[in-house]
Each structure stands twice: as structure tokens, then as C-alpha cells.
There are 2 protein chains.
Amino acid sequence: MPAHGMADELHDVVEHRLRRIDQRYTAGRRAIIDLLVSAEHPVSIADIAERLPSLPRSSAYRHLVDLQAAGVVRRITANDEFTRFELDENLTGHHHHLLCVNCGKVTDITLPAGFEQDVDKAISQLADAESFEPLSHRLDVLGVCAGCQ
Amino acid sequence: MPAHGMADELHDVVEHRLRRIDQRYTAGRRAIIDLLVSAEHPVSIADIAERLPSLPRSSAYRHLVDLQAAGVVRRITANDEFTRFELDENLTGHHHHLLCVNCGKVTDITLPAGFEQDVDKAISQLADAESFEPLSHRLDVLGVCAGCQ
DNA sequence: CTACTTGCAAATGCTTTGCAGGAGA
DNA sequence: TCTCCTGCAAAGCATTTGCAAGTAG
């Protein structure tokens, strides 16, 4: 019996969170999670359809809704193109994105912890002035990726 | 003959930029610009339809495409709701947004100049490592607005 | 006159849903 | 068995587009 690797632990977490909302961790859902893990960057529905040809789009959409409800997947909006999905930050850690304005490619980046603290500090000050309660932030960089230059 | 106010200068700029791409500054387009100016925050197509009932949606969409092409309007994507539009930053100045996760309301905020420089610096360092050419950034704060608490 | 603008209606295209059969516990 | 999951086809909706008439220069 093999020891549990990172991926196995992740699957355990996903299964547990799905069960919390009376949902099951079925093959289709696991295939999506595996895809998100291996991709290492946000993927679109088109990406999923391409990599999982046997999974009907309607099922993919439904799975993604359920996985979001379970708190393991997050829907993001790149520039103004296609909706993309990634593992929730509580599984991958807080990070940001580089968005290619030409091809739409999305790359994950992690900023220095000290910088993130400065961001939160600056945000909370301004939010207070608006009586706005900040929950999280997202910092996206728009530009041209290596392949499009 | 009255002196030109801010709004008049803005309209002159819009007209000039439209002419550059062989487009005319017609009544419908001006109505949209006026709306964006007075709103002081990003507006959705639904907002436009509500405030400009006589303007057909198809025309609104087309105007917004043209105004973007002219570089006076920018399309933004709030959380994962409706597409919204605002005047381009070269007309309003660089700023960011507070996004209410409950009602979708978008509020403009301006961060300290020094902070923006730090952001750009942190970004350019990471972008270099990825051979990514940064053009701009967007920093959105997700949370709950005053009215929804 | 020539080119851009508009409205309406029809077409798109992504996403959601109704249903009926299948599967997990 | 009872509840959740799947697929397919149909429905929804925001957005785009074809066309023909209107208008700016």
C-alpha cells in the first residue's frame, strides 16, 4: 500500500468538502481536479473539453458549479475573454496572474509576502474610508507573454 | 461664448479620437460618454439601457466597441457578473476598484502614488523572470459594500 | 455623393436546465 | 432504496451581425 502523496491528500480534501454539501467525488469531477492540478494555471471550458473529450460540456459546467460550491475551485475572469477555472487559493496558496492580452494565456505568479502585506494594508485603509469590508484582492498583470512577443 | 469646462474638453478629446479612426461623434455615442462621466463608476449594459431607454441595445453595444477602438472607453469585468464599461484611464487617471461580492457594485479607488510605484516594481521583477512584457495592472478588492453589510 | 450610423430582426455562442436513466452508499 | 450524478436535447441570454434606410460632411 503506497504512502499518500500530495495529490492523494488533495483528493481527500476535495472529497471531504464535497461530502460536506452532500455531493460525491465521482470520476468526472476527479478528472477535472486532476486536470486543474496538472495544468498549474487556470483552464477554460474549451481546455477542459479538449483534454477530456468524453466529458460532456454540460457535465463539466455542472461539476464546476459544484466544485465551486464545495470551495475547491475558483472561477476567474481573465481579460474579457473566456471564463477560466483554477483550484481555490486555500489549496494552492495566494497568488496572482499574468494575462497575455494577445493570446489570453494565464500564468500564475507569487509576490513576496512582505509586498502582499503592504497591499492589504493600503487596501484596508482605503476600504475603511468607504465603509467597505475587504475580503480578498486580486492583482492581475496585463501584458504580452514570451510566446507572443 | 462660454469658456470650455472639463466636460467640453473631454468631448473634444473623444471626438478627435473617434475621427482618427474615421468615426463620428454622434448623439448616441455622446449620450453614452455623458453617462459614463456622470456615473463616476463602471456601468453595465443594463445600466445604460435603463438610463438611455431610447438607445437600442444593439447600438449601445456597437458604440461601446467603437469607443473602445478609439481608446476612450475600457471594458472591465467585475467579479464574474456583467461586463461593465468606464472611461479609459488616460482620461480619468489610473485607479482601481472595490467589487461588492453581494450586489456587484463597483466603486473607484485611487491608491497612493508611492504604492503604485512599488506595485510596478514588484511586477516588473517577476515579469522579467517569465519573459513577460507588462503593459498595465489591475488591482481589485473583493468584499462587501456599505449598503450590503 | 460616399462613408459612416442606426434599428430591427435574426443569428451566435456560451452556459444553464428539464428529464429520464444510471450509479453510489 | 433514496439521493445524487449524467447525458442529451432544448432552452436561455447576453452579445453580435445582416440589411436597408438615415445622416454627416
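Quick caveat: nothing in here was measured; it's all calculated off a predicted structure. Below, chains carry the letters A, B, ... as their sequence lines are ordered, and counting in each starts from 1.
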Trainee: Rounded to the nearest 0.5 Å, what separation is found between the CG atom of B:Leu111 and the CD1 atom of B:Ile109?
Mentor: 5.0 Å

Trainee: Check the phosphate of D:dT6 against A:Ser59, side-chain N and O only, distance under 4.0 Å to OP1 or OP2. Yes or no?
Mentor: no

Trainee: Using a distance-only test with no angle check, is there a side-chain donor-acceptor pair under 3.5 angstrom linking A:Arg17 and A:Asn90?
Mentor: yes

Trainee: So, OP1 or OP2 of C:dC14: does either fall under 4.0 Å of a side-chain N or O from A:Thr83?
Mentor: no

Trainee: Can you measure A:Arg29 atom CZ to C:dA23 atom C1' for me and round it to whole angstrom units?
Mentor: 12 Å

Trainee: What is the distance, rounded to the nearest whole Å, between atom CZ of B:Arg57 and atom C1' of D:dC13?
Mentor: 10 Å

Trainee: Please confirm whether the shortest side-chain N or O distance from B:Arg62 to OP1 or OP2 of C:dT5 is below 4.0 Å.
Mentor: no

Trainee: What is the nucleic acid contact for B:Ser58, judged by heavy atoms within less than 4.0 Å: base, sugar-phosphate only, or nothing?
Mentor: base

Trainee: OH of A:Tyr61 versus C1' of D:dG12: gap in Å, rounded?
Mentor: 13 Å

Trainee: At their closest point, which heavy atom of A:Leu18 faces which heavy atom of A:Asp66, and how far apart are they?
Mentor: CD2-O, 4.2 Å

Trainee: Could you check A:Ile32 against A:Phe85 for side chain to side chain contact (heavy atoms under 4.5 Å, CB included), going step by step and ending with a plain yes or no?
Mentor: CA-CA 10 Å; A:Ile32 288 177; A:Phe85 301 86; over 6 Å; no

Trainee: Starting at atom CD1 of A:Ile48, determine the distance to atom C1' of D:dT6, rounded to an integer number of angstrom.
Mentor: 16 Å

Trainee: Rounded off to whole Å, could you give me the CZ-to-P distance for the A:Arg84 and C:dC14 pair?
Mentor: 14 Å

Trainee: If you check every side-chain atom of A:His63, which of D:dT6, C:dT5, D:dA9 has the closest atom?
Mentor: D:dT6

Trainee: Can you give the donor-acceptor pairs under 3.5 Å from side chains of residues 140-149 of chain A to other protein atoms, not counting sequence neighbours?
Mentor:
unit_1	atom_1	unit_2	atom_2	d
A:Asp140	OD2	B:Arg138	NE	2.8
A:Asp140	OD2	B:Arg138	NH2	3.0
A:Gln149	NE2	A:Val144	O	3.1
A:Gln149	NE2	B:Ser131	O	2.8

Trainee: Distance check needed: D:dA14 C1' versus B:Asp47 CG, whole Å only.
Mentor: 14 Å

Trainee: Rounded to whole angstrom units, what separation is found between the OH atom of B:Tyr25 and the P atom of C:dT5?
Mentor: 13 Å

Trainee: Do A:His41 and A:Glu86 pass the side chain to side chain donor-acceptor pair (under 3.5 Å) test, and can you show the C-alpha distance, the side-chain angles, and the key distance before you say yes or no?
Mentor: CA-CA 7 Å; A:His41 64 79; A:Glu86 67 179 5; over 6 Å; no

Trainee: Pick the nucleotide of DNA chain C nearest each of A:Val65 and B:Gly28; which residue has the one closer to the 5' end?
Mentor: B:Gly28

Trainee: Would you call the rings of B:His96 and B:His137 parallel, tilted or perpendicular, where under 30° means parallel and over 60° means perpendicular?
Mentor: parallel

Trainee: If you take any heavy atom closer than 4.0 Å to DNA chain C, which residues from residues 17-24 of chain A end up in contact?
Mentor: A:Arg19, A:Arg24

Trainee: Please give, in whole Å, the distance from C:dT17 P to A:Asp66 CG?
Mentor: 12 Å

